[in-house]
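One structure below.
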Amino acid sequence: MSAKTPTPALLTGLKVVVLADRLVDFGGEMLARLGADVTLADTGEVTEIRQAAWHGGMRYSPASSTPLAELLAGADVLLDDRRRTPRAEVDALAATQPQLVHVVATAWPEATSPRPATDLTLMAASGLMHVIGTAEDPPLRLPGEQAYALTGIQVATAALMGLRARARTGRGQRIPVSGLQSVTLANYREAVMYEWTGRIGRRVGNKLVRGASGVRQVWPCADGYVTWSMIDNPGMMRAVVRVMDEEGCAGELAEIVWEDILVADTDQAIIDRWQDLVGAFFARHTRARLGDWSLKLGWGLSPITKLAEVPDSPQMQARGIFVETPQGKLARGPLFAVHPEEGAA
């Protein structure tokens, strides 16, 4: 039997050109990690932190040294970042390449008047800052540059959809992506709630408010935190309470017929009393123990991984997301690991 050859990455052989100004940076890196040959033709101002965070797997060949028209010759995808720069001349250039999937990323929808856009303004305009944090405190933002990251994910998705359409039709296309709309997708619950009920969400801290009551979402345990909520899922609730009862700490929860009640309509004082029992149970066990129960018994609980633990998680290691460099440093590996079929020669 011959030795197995490495399975090629998903986008091997595809050529991508990137004009980056933060909205498309992560999208370009995602395509690079899927195996595409990605060239950065413009990056705006580059810092070491930005380069390390967003430009993995891409090579820099500025348009000032190689004309953009030359870079686009035979290119499959152009990621065109217009967060601050209109780049109107690029449309005409891209139109000369009928095979090109041209993804145009703007901060606001193209039909709206341009105005300043940063990660902070996109977070605020999306409504995310209106619902993150506690009611008595000022708005919060998510750590890092999540608005840029969320837009980059949609940019990469648009490029892949464009490539799929090209495979079916033989033609490229121009695909607009809005940063505001990309970030709003992450705030799906509030946007849908407003559309259907007219209610405007608010900051409620560590609570998931449904109906008359709010239930806790993040819980301390023996070695950190887990996320879980008491919701109207009888099977899930019975599974949790069964283990609590075996340990002698279920209390009144063991007497509840979960099919006969709605947690969302239960008085908050009663919910708080029930959650005290659950909280005491979680506090006795580690994240790994609770997570193992959850996977086996269907609790809907997830351990909260500490940042330093992410590279060592079984999921990340199984997918090859992080790899060791010759310098002994950890770097990002392929986005997806494609394995040959079992038994292939």
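Just so you know, these numbers use all the heavy atoms, side chains as well, and skip hydrogens, waters and symmetry mates.
Partners of H285 under the ring pair (Phe, Tyr, Trp, His ring centres under 6.0 Å) rule, at least two apart in sequence or in another chain, are F281, W293. For F282, the ring pair (Phe, Tyr, Trp, His ring centres under 6.0 Å) partners are W219, W228, not counting sequence neighbours. Residues meeting the ring pair (Phe, Tyr, Trp, His ring centres under 6.0 Å) test with W274, sequence neighbours left out: W258. Residues forming a side-chain hydrogen bond (donor to acceptor under 3.5 Å, both in side chains) with T39 (at least two apart in sequence, or on another chain): R59. For T47, there are no side-chain hydrogen bond (donor to acceptor under 3.5 Å, both in side chains) partners, not counting sequence neighbours. Not counting sequence neighbours, the partners of R273 by the salt bridge (charged side-chain N to carboxylate O under 4.0 Å, His left out) test are E252. Checked against salt bridge (charged side-chain N to carboxylate O under 4.0 Å, His left out), R289 has the following partners two or more places apart in sequence or in another chain: D292.
Put simply, the residue from L160, D81, V77, V103 that forms a side chain to side chain contact (heavy atoms under 4.5 Å, CB included) with V155 is V103. Partner L100 forms a side chain to side chain contact (heavy atoms under 4.5 Å, CB included) with one of L78, D76, L93 and no other, that one being L78.
V240 is listed as a side-chain neighbour of M244, based on a closest heavy-atom distance under 4.5 Å. Taking 4.5 Å as the limit, some side-chain heavy atom of S182 sits within range of a side-chain heavy atom of V177. Residues C249 and L277 are not in side-chain contact: their nearest non-hydrogen atoms beyond the backbone lie 4.5 Å or more apart. Between R166 and R171 there is no side-chain heavy-atom pair separated by less than 4.5 Å. Residues M237 and D232 are not in side-chain contact: their nearest non-hydrogen atoms beyond the backbone lie 4.5 Å or more apart. Between V90 and H102 there is a side-chain heavy-atom pair separated by less than 4.5 Å. Looking only at side-chain heavy atoms (C-beta outward), L120 and M129 come within less than 4.5 Å of each other. Contact annotation: the side chain of Y148 approaches that of T118 to within less than 4.5 Å [non-hydrogen atoms, C-beta and beyond].
Nearest heavy atom pair, residue L150 against residue A186, reads CD1-CB, 3.8 Å. Between A36 and V16, the shortest heavy-atom distance links the atoms CB-CG2, 3.9 Å. Between G214 and I271 the shortest heavy-atom distance is O-CG2, 3.8 Å. Here the closest non-hydrogen pair linking F322 and V310 is CE1-CG1, 4.0 Å. S178 and W108 get closest at one heavy-atom pair: OG-C, 3.9 Å. Across every non-hydrogen atom of D312 and A308, the tightest pair is OD2-O, 4.5 Å.
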Give the intermediate values and the outcome of side chain to side chain contact (heavy atoms under 4.5 Å, CB included) for residues V104 and I175. CA-CA 6 Å; V104 178; I175 308 174; over 6 Å; no
Quick one, T286 with L290, criterion side chain to side chain contact (heavy atoms under 4.5 Å, CB included). Give me CA distance, side-chain angles, the key distance, then yes/no. CA-CA 6 Å; T286 63; L290 294 170; over 6 Å; no
Run R174 and D91 through salt bridge (charged side-chain N to carboxylate O under 4.0 Å, His left out) and show every step you take. CA-CA 9 Å; R174 184 184 190 276; D91 282 317; 2.9 Å; yes
Decide side chain to side chain donor-acceptor pair (under 3.5 Å) for W54 and E145; before the verdict, give the C-alpha distance in whole Å, the side-chain angles of both, and the deciding distance to 0.1 Å. CA-CA 10 Å; W54 304 117; E145 295 180 321; 3.3 Å; yes
Check the pair L163 / L14 against side chain to side chain contact (heavy atoms under 4.5 Å, CB included), numbers first and verdict last. CA-CA 10 Å; L163 289 168; L14 287 174; 3.8 Å; yes
Do any side-chain atoms of residues 17-34 form donor-acceptor pairs under 3.5 angstrom with protein atoms, and if so which ones, sequence neighbours left out?
| unit_1 | atom_1 | unit_2 | atom_2 | d |
| --- | --- | --- | --- | --- |
| D21 | OD1 | R83 | NH2 | 3.3 |
| D21 | OD1 | R84 | NH2 | 2.9 |
| D21 | OD2 | R84 | NE | 2.9 |
| R22 | NH1 | E45 | OE2 | 3.4 |
| D25 | OD1 | R22 | N | 2.5 |
| D25 | OD1 | R50 | NH2 | 3.4 |
| D25 | OD2 | R50 | NE | 3.1 |
| D25 | OD2 | R50 | NH2 | 2.7 |
| D25 | OD2 | H55 | NE2 | 2.7 |
| E29 | OE1 | H55 | N | 3.4 |
| E29 | OE1 | G56 | N | 3.0 |
| E29 | OE1 | R332 | NH2 | 3.1 |
| E29 | OE2 | R332 | NE | 2.5 |
| E29 | OE2 | R332 | NH2 | 3.4 |
| R33 | NE | G333 | O | 2.8 |

Let me check something: any side-chain donor-acceptor pairs from residues 131-144 under 3.5 Å, sequence neighbours excluded? List them with distances.
| unit_1 | atom_1 | unit_2 | atom_2 | d |
| --- | --- | --- | --- | --- |
| T134 | OG1 | D137 | OD2 | 2.6 |
| R141 | NH2 | D119 | OD2 | 2.6 |
| R141 | NH2 | G144 | O | 3.0 |

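Annotation: R284, atom CZ; neighbour count of heavy atoms from other residues, nucleotides and ligands within 6.0 Å is above 12. Within a 6.0 Å radius of CG in L330, other residues, nucleotides and ligands contribute more than 12 heavy atoms.
Here the straight-line distance linking atom CD of Q275 with atom OG of S229 works out to 8.0 Å at 0.5 Å rounding.
Sorted by first and then second residue, the side chain to side chain donor-acceptor pair (under 3.5 Å) pairs with a member in residues 297-309 read R287-E309; sequence neighbours excluded.
Summarising the hydrophobic clusters (Ile, Leu, Val, Met, Phe, Trp, Tyr; side-chain heavy atoms under 4.5 Å, direct or chained), the residues clustered with V192 are W196. By the 4.5 Å side-chain criterion applied to Ile, Leu, Val, Met, Phe, Trp and Tyr, Y194 is assigned to a cluster that also includes I200.
There is no path of hydrophobic side-chain contacts, each under 4.5 Å, that joins V218 to V204.
In this structure, T227 contributes its side chain and Q217 its backbone to a donor-acceptor pair below 3.5 Å.
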